[in-house]
Amino acid sequence: MVKIKIFIPNKIFNKVNDITYDEIKKFNIKGFLLDIDNTLAGHQDPNPFEGVVDWIEILRKNDIKILLISNNGEERVSKFAKLLKLDYISKGNKPFKKNIIRGCNILKVPHENICIVGDQIFTDIFGGNISNIKTFLVTEVHTGLENSILFKTKRRIEKYIINKYYKKERR
Ligand SMILES: [Mg+2]
């Protein structure tokens, strides 16, 4: 059997602003690496989802360090980062470890206190797990790419992994 543990997040949320400060303390998180597309905003949407700005403000007030890390290009990522006044890595090449580790070093927080948050198991979660940091998956589905066959297939595999996660939770 394929070892799927490497694809399983530490926790699944519907959306980022469901990650409460209590949850952050419970997981002993002091820094976040945040994906952008379908995590903080719709794909290529310049504006963040409702509640994201307030959520980031809560993190800031509690001295939780934040870095955006996206596989998207410089123009998209830099504009979004500027809007939220956050540092960023564009063309992140997730799931490869190189930029994830670089991001961790920029945060200047012990790696065991860092969590990556994203919507994609094969980039954000897998990349975070192989980099030995915590991983949160957000699952709220947004319109846009959903119609392509590749995307549907990917979502089906993700659903399978998510089900495994919930089985693990019940144990
Ligand atoms: Mg994404």
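Predicted model only: the values in this text are computed from it and were never measured. We count ligands from 1, going down the list as the structure has it; atoms in each ligand are counted the same way.
- Remark: R76 qualifies as a cation-pi partner of F80 under the 6.0 Å distance and 45° angle criteria applied to the six-membered ring.
- Nearest N, O or S atom of D37 to the Mg ion (ligand 1): atom O.
- Side-chain contact between H111 and K134: absent, with no pair of heavy atoms (C-beta onward) separated by less than 4.5 Å.
- Nearest N/O/S atom of D35 with respect to the Mg ion (ligand 1) is recorded as OD2.
- For an aromatic pair to be called close, the ring centres must be under 6.0 Å apart, and W55 with F32 satisfies this.
- Residues N14 and V138 form no side-chain contact, since every pair of their non-hydrogen atoms from C-beta on lies 4.5 Å or further apart.
- The Mg ion (ligand 1) does not have D124 among its coordinating residues (no N/O/S atom, backbone or side chain, under 2.8 Å).
- Note on D119: its N/O/S atom closest to the Mg ion (ligand 1) is OD1.
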